[in-house]
Structure formats: structure tokens, C-alpha cells
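Got a structure here, written out as C-alpha cells. Questions coming.
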Amino acid sequence: MQLKTKALILVIVWLAFISVMHSWLNVNWAAVLNDYRPLEKRKIAVAYLPVTCQLTCPVTDYISKYSQSGEEFMPRMFQGFPEMKEALISNRVQAAFIVAPMALALKAQGVPIKIVYLGHRYGSAVVVQKNGPIKTFADMRGRTIAIPSRFSDERLLLFRAMKVWGIKPSEIKMVEMAPPDVSGALAAHAIDAFVMGEPFPSQAEIGGFGRVLFQAREYWPDYMSCILVVRQDLIDRRPDIVQVLVDGVARSGLWLDTSKPHREQAADFVGRFYYNQKPALLRWALTKPLDRVVYSPLAPRKADFDMVRDLMMETGVLNKRLEFSEYTDTRFSDKASIQTPWRYEAAMGSAQ
């Protein structure tokens with residue numbers, strides 16, 4: 001009996017130890033503690049996906065930790081836009097890198113957000129089976145293609161290509177799919193193609209089962225997809241913090257565009273510490289060629305967003321004609337225009 005009691009006690013102690021270790025290793029304690037700080041001292045949470053369109057988010061977080069001011073915000077990674085959208089609406093995150101059409105749709109629905117900066121230009125592509133039957137976009141008739149969201153620039157890109165090739169929307173089946181899932185779906189022949197941001201086109205190329213049919217810039221000069229939005233209540237309450245965020249993102253974009261070694265460094269620390277992706281994959285996406293994705297200049301431009309708005313209305317995902325000033329706040333990008341690249345190298349151990 002006494003032996004059974006001791007064994008039971010050991011089991012309880014072991015289970016308690018496992019529970020404590022699970023909490024310690026898997027709970028984001030920094031985020032939990034941040035929620036209890038006074039509002040004026042609380043770090044803002046910024047949502048992002050593991051795509052190169054949003055690379056400036058983890059780059060800014062990583063480099064700023066080595067700067068005198070220290071960590072500027074708390075990045076939170078998501079796997080898909082629907083979950084990110086809900087987190088933004090419920091104020092679980094105060095800023096997010098989302099696709100431009102989604103930002104306009106949310107604003108039209110009354111969600112209090114403003115676009116303050118872009119995440120990138122270029123960097124999306126249509127990818128098909130490497131040895132499959134699709135040789136030109138005309139061969140997409142009757143095929144299934146994955147898109148990140150019906151509120152995405154990638155979807156609008158397809159409509160631009162359809163116009164050129166005289167293809168009706170009813171002739172192509174579009175399915176929404178989380179970006180990390182598309183390469184596996186293509187490899188398994190569950191879809192015929194996908195249109196997505198990097199590094200997933202590169203992943204299909206490296207894997208030997210995918211081929212880039214065309215890059216976004218071929219049908220959309222100055223193409224943009226992901227943009228940075230911030231909740232209006234944060235803009236009203238703490239505009240200084242929003243400016244610090246935009247300045248950091250601007251500096252990261254300039255740093256990435258300065259040299260190939262900077263992109264290779266980013267591929268290493270973002271792949272290992274943020275995206276949980278192989279650095280070799282990100283190096284491919286960021287350097288083959290160097291302008292596959294660009295990160296400057298990224299100030300919002302009215303002409304770009306007017307075109308997105310008009311395409312959304314034309315394709316039935318926006319029923320309200322929004323004006324540029326209704327959903328953007330360019331004060332922050334205007335001030336960020338004087339920023340210079342981060343002074344940071346991997347061997348320095350500090351950033352300025």
C-alpha cells in the first residue's frame with residue numbers, strides 16, 4: 001500500500017513537472033506579461049505570415065533588438081489571412097501585414113484601420129506543374145488554381161491575365177488556400193496551379209515539381225500585395241509608436257535592398273528564428289534574381305490603390321467606392337521617407 005502511494009506521488013510530481021515545462025516552453029510569456037502593462041507602455045502586437053512579402057516585419061524585430069532603443073514591437077506569426085483578420089478586428093493585434101484588397105474590404109465594412117505602408121513590391125507568381133499540360137495561361141481553362149484569399153492581389157492578378165488571354169472567370173476554378181499549404185497541394189496534384197507570394201514559388205522550383213508560368217510584374221507593373229495596416233485607436237492614442245514601427249520597416253526595406261549579403265543574412269535569421277523555413281529556400285527567393293522581391297520605396301501611392309479598388313469593384317468583392325484618404329494615413333510614410341538603412345552586419349552585434 002505504501003509502495004503504491006509513493007508511486008502515485010511520483011506520477012503526480014512527474015505530471016506537474018511536465019505541465020510546468022510545457023507552459024514554460026510553449027506559452028509566449030512576453031506576450032502574456034505585455035497584456036498586463038499600462039496601455040501607454042504596452043508594446044504593440046504586429047501580425048505577419050511566413051512570406052517574403054512581409055519580410056520587413058521579422059527583419060525589423062530582429063535588428064531592432066540590437067539597437068539602442070531595443071525591441072520595438074511584438075511580432076505574432078499566423079498561417080492564414082482569415083485568422084489574422086479576426087485577430088485584428090478583435091484587437092488581439094494592433095497592426096498587421098495583410099493583402100491590400102482585404103484592407104479595403106475591412107474598411108468598407110467599418111473596421112477602424114488605416115494603411116500606413118507597403119510590405120514589398122513584386123514577389124508573387126503563378127506556378128504550374130513542371131511537366132504538366134499548362135504551357136501558357138490559355139491552358140488554364142478548366143483548371144484549378146489556389147489563391148491566398150478572395151480578397152487578395154493575387155486573385156486580381158489572375159483577372160488581369162484573363163483579360164489579356166480572353167478567358168472568362170467561369171472557365172477557371174479558384175480555391176482559397178493558406179500559403180504554406182500550396183506547394184504540397186501542387187506536388188500531390190490536388191491543384192493544377194497556384195498564385196502566391198514567395199517563398200512558395202521558389203519552394204516548388206527547388207522541389208522540382210513546379211515551374212513559374214509568369215511573375216506578377218508581367219501583367220501588373222509595380223505590383224504590390226501585402227501592406228501594413230494599423231488600428232485607428234492606436235493611431236489616435238499613440239501616433240509616436242506607429243511612426244517608430246513605420247520607420248523601422250522602412251529602414252529594414254532599405255537594408256534588404258542595399259546588398260545581396262544583407263538578403264542572405266536575413267534569409268538565415270528569419271528562416272531559423274521566425275518562419276521555421278530552411279534558410280536556403282529564403283536565399284533562393286531573395287536572390288534569384290535580386291529583384292524577385294523589392295522592399296523600397298514603399299510609400300502608399302493613390303494610383304496603385306485606385307486600381308486595386310476598381311478591380312475589386314469590377315470583380316464583385318467591393319461594393320463601395322472608397323477614396324484613398326478614407327483608408328490611408330500617409331503622414332507616417334512621409335516622415336519615414338528620410339530614413340536610412342539600418343547599420344547592421346551579422347558580425348557587429350549592434351545596430352544603429
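Since the model is a prediction, treat every value here as computed from it, not as a measurement. Heavy-atom basis, side chains included; hydrogens, waters and symmetry copies ignored.
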Heavy-atom closest contact (Q243 atom, K335 atom, distance):
OE1-CD, 3.3 Å

Taking all heavy atoms of P50 and all of F78, pick out the closest pair and write down the distance.
CD-O, 3.3 Å

Q54 and H120: side-chain donor and acceptor closer than 3.5 Å?
no

For the backbone of V46 and the side chain of R76, can you confirm whether one donor and one acceptor N or O come within less than 3.5 Å of each other?
no

Between OG1 of T315 and CZ of R160, what distance do you get to the nearest 0.5 Å?
12.0 Å

Could you tell me whether the side chain of W342 reaches within less than 4.5 Å of the side chain of S64, counting heavy atoms only?
yes

In terms of heavy-atom contacts, L213 and K135 come closest through CD1-O, 3.5 Å

Scanning both residues in full, the closest heavy-atom pair of L318 with A108 reads CD1-CB, 3.7 Å

Are the side chain of T52 and the backbone N or O of L55 linked by a donor-acceptor pair below 3.5 Å?
no

Determine, for K288 against E264, whether the closest basic-nitrogen to carboxylate-oxygen distance falls under 4.0 angstrom.
no

Measuring from C57:SG to L245:CG, what's the distance to the nearest 0.5 Å?
8.0 Å

Supply the atom-to-atom distance L256 CG to T60 OG1, rounded to the nearest 0.5 angstrom.
8.5 Å

Table please: side-chain donor-acceptor pairs of residues 166-178 below 3.5 Å, with sequence neighbours left out.
{"unit_1": "E171", "atom_1": "OE1", "unit_2": "K168", "atom_2": "N", "d": "2.7"}
{"unit_1": "E171", "atom_1": "OE2", "unit_2": "R141", "atom_2": "NE", "d": "3.3"}

W255-V244 co-clustered via ILVMFWY side chain contacts under 4.5 Å:
no

Side-chain donor/acceptor of S152 to backbone N/O of P148, under 3.5 Å:
no

Please report the C-alpha distance between R321 and E326 in whole Å, then the side-chain angles of each, then the deciding distance to 0.1 Å, and finally whether the salt bridge (Lys or Arg N to Asp or Glu O under 4.0 Å) criterion is met.
CA-CA 10 Å; R321 185 180 176 83; E326 293 182 66; over 6 Å; no

L104 and F305: side chain to side chain contact (heavy atoms under 4.5 Å, CB included), yes or no, with the steps?
CA-CA 9 Å; L104 269 65; F305 285 94; 4.2 Å; yes

Taken to the nearest 0.5 Å, the spacing of L228 CG from F97 CZ works out to 4.5 Å

Quick one: do V229 and I98 satisfy side chain to side chain contact (heavy atoms under 4.5 Å, CB included)? Show the steps, please.
CA-CA 7 Å; V229 298; I98 61 176; 3.9 Å; yes

L298 reachable from L254 in the ILVMFWY side-chain graph, under 4.5 Å edges
no

4.5 Å side-chain heavy-atom contact, D192 and Q129
no

Which residues pass the salt bridge (charged side-chain N to carboxylate O under 4.0 Å, His left out) test with R272, not counting sequence neighbours?
D268

Taking atom types as modelled and ignoring hydrogens, do the side chains of R155 and S149 form a donor-acceptor contact shorter than 3.5 angstrom?
no

Is K107 close to I115 at the side-chain level, that is, under 4.5 Å between some pair of heavy atoms?
no

Can you check whether P199 reaches W284 side chain to side chain, under 4.5 Å on heavy atoms?
no

Shared ILVMFWY cluster between W220 and M140, side chains joined below 4.5 angstrom?
yes

Taking the side chain from R263 and the backbone from L286, do they hold a donor-acceptor pair closer than 3.5 Å?
yes

Tell me whether R143 is salt-bridged to D139, with the criterion being a basic N under 4.0 Å from an acidic carboxylate O.
no

Using a 3.5 Å cut-off and no angle test, enumerate the donor-acceptor pairs between side-chain atoms of residues 179-187 and protein atoms at least two apart in sequence or in another chain.
{"unit_1": "S183", "atom_1": "OG", "unit_2": "F200", "atom_2": "O", "d": "3.3"}
{"unit_1": "S183", "atom_1": "OG", "unit_2": "Q203", "atom_2": "OE1", "d": "2.8"}

Is it the case that Y295 and S252 place a side-chain donor and acceptor less than 3.5 Å from each other?
no

Counting distance only, does the side-chain N/O of D257 pair as donor-acceptor with the main-chain N or O of S296 below 3.5 Å?
yes

Under-4.0 Å salt bridge between D334 and R331:
no

Y219 versus W165, side-chain donor and acceptor atoms under 3.5 Å:
yes

Would you find more than 12 non-hydrogen atoms of other residues, nucleotides or ligands less than 6.0 Å from K65 atom NZ?
yes

Taking R231 for its side chain and A95 for its backbone only, find out whether a donor-acceptor pair lies under 3.5 Å.
no

Heavy-atom count around N276 CG within 6.0 Å, excluding the residue itself: above 12?
no

Spacing of H262 atom NE2 and Y344 atom OH [to the nearest 0.5 Å]:
9.5 Å

E323 and K302 ion-paired at < 4.0 Å
no

D291 side chain near V294 side chain, heavy-atom distance below 4.5 Å
yes

Could you tell me if the ring centre of Y62 sits under 6.0 Å from that of F269?
yes

Can you tell me if CG on N319 sees more than 12 non-hydrogen neighbours from other groups inside 6.0 Å?
no

With a 3.5 Å distance limit and no angle check, can you tell me whether Q339 reaches the backbone of R251 through a side-chain donor-acceptor pair?
no

Within the structure provided, determine whether F332 and I235 are in side-chain contact (heavy-atom separation under 4.5 Å).
yes

So which atom in R150 and which in G316 form the shortest heavy-atom distance, rounded to 0.1 Å?
NH2-O, 4.4 Å

Check step by step if side chain to side chain contact (heavy atoms under 4.5 Å, CB included) holds for I113 and L88.
CA-CA 9 Å; I113 56 171; L88 185 64; 4.0 Å; yes

Among the clusters formed by ILVMFWY side chains lying less than 4.5 Å apart, do L281 and M196 turn up in the same one?
no

Salt bridge check, E198 against R292: does any charged N sit closer than 4.0 Å to a carboxylate O?
yes

Using the benzene-type ring in the case of Trp, are the ring centres of F137 and F214 under 6.0 Å apart?
yes

F151 side, atom CZ; M102 side, atom CE - distance, nearest 0.5 Å
7.5 Å

Note, K114 side chain near Q232 side chain (heavy atom, < 4.5 Å)
yes

Same hydrophobic cluster for V293 and I206, using side-chain heavy-atom links shorter than 4.5 Å among ILVMFWY?
no

Would you indicate whether the side-chain heavy atoms of F81 and L49 approach each other to under 4.5 Å?
yes

I need the minimum non-hydrogen distance between Y275 and M77, along with the two atoms involved.
CA-SD, 4.1 Å

D153 (side chain) donor-acceptor with V99 (main chain) under 3.5 angstrom
no

Start with the C-alpha gap between D304 and R301, add the side-chain angles, then the distance that decides, and say whether side chain to side chain contact (heavy atoms under 4.5 Å, CB included) holds.
CA-CA 6 Å; D304 292 331; R301 300 189 311 210; 3.1 Å; yes

